[in-house]
Asks: 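Dropping the structure in here first, questions after.
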2 protein chains.
Amino acid sequence: MRFRKLNYFITVAEELHFGRAAARLHIAQPPLSQQIKAIEDELGAVLFERSSQKVSLTPAGEVFLPQARALLQNWEKIQEQVRSVANGTAGNLSLGFVWAAGTPHFSKGIAQFKQNNHGVTLNLEEMTTTHALDALRTEKIDLAMIFLNPLMDITDLEHQEYEIQKHLLALPDNHPLAQKDSVPLSDLHQLPFISFVRQAHPSLYDQIMHSLHAAGVEPNIVQIARLTQTTRTLVAAGVGVALVPESTQFDQREGLTYRPIDGVLPELAIHFVWRKNSLTPLMERLITHLQAQVPR
Amino acid sequence: MRFRKLNYFITVAEELHFGRAAARLHIAQPPLSQQIKAIEDELGAVLFERSSQKVSLTPAGEVFLPQARALLQNWEKIQEQVRSVANGTAGNLSLGFVWAAGTPHFSKGIAQFKQNNHGVTLNLEEMTTTHALDALRTEKIDLAMIFLNPLMDITDLEHQEYEIQKHLLALPDNHPLAQKDSVPLSDLHQLPFISFVRQAHPSLYDQIMHSLHAAGVEPNIVQIARLTQTTRTLVAAGVGVALVPESTQFDQREGLTYRPIDGVLPELAIHFVWRKNSLTPLMERLITHLQAQVPR
DNA sequence: ACATAATGATACGCTTTTCCTATCTTAGCC
DNA sequence: GGCTAAGATAGGAAAAGCGTATCATTATGT
């Protein structure tokens with residue numbers, strides 16, 4: 001599909017000489033004459049006024065020439081665009097990610113990717129793990145970055161690790177435990193606790209609770225916060241303490257301190273997740289790029 | 001140039017099934033697979049996700065489909081347009097015509113032609129014979145309607161008769177000659193005369209003067225008018241009499257009378273004139289149409 | 001688990017299209 | 001009147017496209 005004939009016509013129209021045009025096209029003159037005749041037959045319109053002396057365009061040819069040029073140009077553009085989408089330098093991508101993934105290196109990575117891929121439209125949306133999985137399966141998003149753990153049933157999906165975060169204990173500045181450099185897990189027993197809603201990340205929630213129980217810690221959940229933002233506000237207000245992903249510390253806040261935990265807690269594994277057979281070059285490129293931004 | 005492959009792609013994209021698509025295209029399935037593969041190779045982009053279970057578009061294919069459709073549609077439009085221009089139902093045409101050609105049947109003919117050929121843009125310009133010939137040769141106009149006579153050198157042009165007009169004598173209402181039903185040529189001797197500029201229609205001018213001399217009439221040219229409009233104003237004002245084309249009488253005017261001439265005067269032959277080998281279907285159609293409007 | 005059915009890919013020979021070489025035709029020119 | 005330049009025509013060769021037969025893969029049903 002080289003639009004051969006269209007090119008033949010344009011070249012003859014430019015040279016106004018079958019011999020020279022044929023030379024430019026690297027073919028002999030007779031087939032060129034034939035092909036032009038074929039176009040004329042197909043269109044039902046004579047495009048050239050021929051004499052042995054000179055060749056000129058008929059009004060029909062005059063009208064055809066710019067249109068033919070435009071068509072070819074259009075075709076070039078289409079080709080480029082399709083190629084761009086194919087190798088991932090253009091296209092659309094909807095990404096759902098959990099709040100904890102929104103680290104400075106994540107933002108930087110996204111910004112760079114946009115910078116280097118002007119043809120790409122990224123659609124970013126913050127979601128809970130539960131919501132993101134649903135959005136993936138209903139094809140509302142193409143890619144998710146969520147808390148993954150082995151208990152989840154994701155046989156219809158594929159995934160790849162993004163980063164592992166540790167838990168930190170969020171404390172009010174003036175809390176007695178803030179004196180210690182790191183807090184033993186057992187110290188959390190019966191402490192007033194602020195948790196996220198289980199439904200947001202059910203497996204993670206269950207895993208954390210399991211770990212606490214195993215360490216003999218019975219948390220006294222005094223409040224359930226839907227947004228991490230709210231959790232921090234409540235902790236700062238002295239309502240209680242909370243276990244938060246380490247990425248939370250990137251947002252500094254008056255009156256809040258973070259301490260590492262001494263003891264066994266599940267890791268916070270953020271994974272890229274996508275539907276089977278839906279991994280496009282664009283997604284691959286984005287995943288590779290974002291992963292490269294993760295420190296260490 | 002049937003844009004075969006493009007159509008193949010579109011059909012497969014619509015059916016999402018190589019077998020059915022091949023059937024719709026009236027070819028076997030293997031060549032279809034081959035051609036699709038050829039497109040993919042050419043674009044450097046996989047367009048379909050194939051499995052023995054189902055075929056689906058890749059993002060690149062998704063982008064390509066509407067573009068391919070648009071391209072084909074565009075091609076159809078181009079074809080139609082070229083065909084229209086070729087058979088004269090569309091296009092542009094610049095027509096220069098002498099004032100005398102602007103009769104009611106001329107106006108009606110033009111109006112009808114426009115009505116019946118909406119794709120046609122007519123560019124009408126009133127000109128003198130001299131100016132029209134120049135405009136023709138410099139390709140500023142495509143067709144002229146001018147006073148033609150055998151003395152003119154128009155070997156580079158072709159022509160066809162439009163209509164023959166007679167001369168009339170334009171008189172003030174109260175002029176003594178207005179009493180007669182027709183005026184003998186000899187009566188014009190020494191009468192105050194209003195003439196057009198010789199340069200406007202030189203051959204015609206010379207021919208008229210020759211006829212007058214031959215009849216022993218020595219006109220007393222008191223004024224030279226550039227516009228026929230002006231001639232009539234001057235005649236009505238009693239400045240003199242004038243020889244005018246019979247078409248002039250279609251414009252009635254207070255205080256003006258026209259009388260036939262008894263005697264030998266050149267006929268006013270208005271011809272279509274165009275450059276050799278420049279007669280397009282559109283011009284042919286216009287010429288035929290206008291000529292059919294001439295009375296009798 | 002194994003045979004069956006459905007579907008796209010591959011192999012290979014045939015047909016059609018396109019191209020090339022050689023020659024013809026026409027129109028200007030010395 | 002022959003010469004030259006340019007496009008058209010003729011006929012065979014090369015290339016592209018197509019068809020039949022077959023393979024490979026995957027789901028399905030017993």
Side-chain angles (χ1 to χ4, degrees), chain A residues 1-43 45-58 60-61 64-65 155-156 158 275-278, chain B residues 1-58 60-61 64-65 68 72 155-156 158 275-279:
Chain A
M1 183 173 37
R2 246 318 61 104
F3 299 81
R4 218 172 349 98
K5 296 189 194 175
L6 226 49
N7 249 318
Y8 287 0
F9 164 73
I10 292 172
T11 306
V12 174
E14 282 172 357
E15 295 290 339
L16 290 178
H17 189 291
F18 279 73
R20 280 198 299 278
R24 241 181 70 186
L25 291 164
H26 306 295
I27 62 171
Q29 168 262 316
L32 183 55
S33 290
Q34 287 181 335
Q35 296 298 339
I36 295 292
K37 193 164 187 298
I39 300 178
E40 291 180 329
D41 289 349
E42 180 180 340
L43 288 175
V46 178
L47 299 171
F48 294 103
E49 199 83 52
R50 298 111 149 129
S51 80
S52 68
Q53 187 59 13
K54 76 160 188 268
V55 174
S56 60
L57 281 164
T58 62
F64 189 35
L65 178 56
T155 47
D156 56 332
E158 291 180 321
R275 291 182 300 281
K276 268 186 181 160
N277 301 320
S278 81
Chain B
M1 184 170 38
R2 248 312 69 98
F3 299 82
R4 215 168 356 94
K5 295 189 196 177
L6 226 48
N7 251 319
Y8 287 180
F9 164 72
I10 292 172
T11 306
V12 175
E14 282 171 359
E15 295 290 339
L16 291 178
H17 187 293
F18 280 72
R20 280 198 300 277
R24 241 181 70 186
L25 290 164
H26 306 294
I27 63 171
Q29 167 262 316
L32 182 55
S33 288
Q34 286 181 336
Q35 296 297 343
I36 294 294
K37 195 166 186 299
I39 301 178
E40 291 180 329
D41 288 350
E42 181 180 340
L43 289 175
V46 178
L47 299 171
F48 293 102
E49 197 83 53
R50 297 111 150 130
S51 79
S52 67
Q53 187 57 14
K54 74 163 191 266
V55 173
S56 59
L57 283 164
T58 62
F64 189 34
L65 179 58
L72 283 189
T155 47
D156 55 333
E158 291 181 320
R275 291 182 300 283
K276 266 187 181 160
N277 301 320
S278 82
L279 187 63

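In this text, all values refer to a predicted model and were calculated from it rather than measured experimentally. Here is the naming used below: chain letters follow the sequence lines, and residue numbers restart at 1 for every chain. When reading the values below, keep in mind they use all heavy atoms of this one structure, side chains included, and skip hydrogens, waters and symmetry mates.
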Asks: Between A:His17 and D:dG7, is there a side-chain N or O to OP1/OP2 distance below 4.0 Å?
Replies: yes
Asks: Tell me: CD1 of B:Ile39 to C1' of C:dA9, nearest whole Å?
Replies: 16 Å
Asks: Quick check: on DNA chain C, is the nucleotide nearest B:Pro31 upstream (toward 5') of the one nearest B:Gln53, or the reverse? Name the residue that is more 5'.
Replies: B:Gln53
Asks: Do A:Ser33 and A:Gln29 have side-chain N/O donor and acceptor atoms under 3.5 Å apart?
Replies: yes
Asks: Taking atom CG of B:Leu72 and atom CG of B:Leu6, what is their separation to the nearest 0.5 Å?
Replies: 4.5 Å
Asks: Which part of the nucleic acid, if any, lies within contact of A:Phe48, taking any heavy atom under 4.0 Å across all strands shown: a base, the sugar-phosphate backbone alone, or nothing?
Replies: nothing
Asks: With a cut-off of less than 4.0 Å, is there a side-chain N or O of A:Gln35 near OP1 or OP2 of C:dC19?
Replies: yes
Asks: What's the NE2-P distance between B:His26 and C:dT16, to the nearest Å?
Replies: 18 Å
Asks: As a test of reading the structure: which of C:dG8, D:dG7, D:dC18 is closest to the side chain of B:Phe18, going by heavy atoms?
Replies: C:dG8
Asks: A:Arg4 CZ to C:dC19 C1': how many Å, rounded?
Replies: 10 Å
Asks: Ignoring hydrogens and angles, tell me if any N or O in the side chain of B:Lys276 forms a donor-acceptor pair with the backbone of B:Thr155 under 3.5 Å.
Replies: yes
Asks: Charged N to carboxylate O under 4.0 angstrom, B:Arg50 versus B:Glu40?
Replies: yes
Asks: Indicate, yes or no, whether a donor-acceptor pair under 3.5 Å links the base of D:dA8 to the side chain of A:Gln29.
Replies: yes
Asks: Look at the side-chain N and O atoms of B:Arg50 and state whether any lies under 4.0 Å from the OP1 or OP2 oxygen of C:dT7.
Replies: no
Asks: Any side-chain N or O of B:Ser33 below 4.0 angstrom from OP1/OP2 of C:dG8?
Replies: no
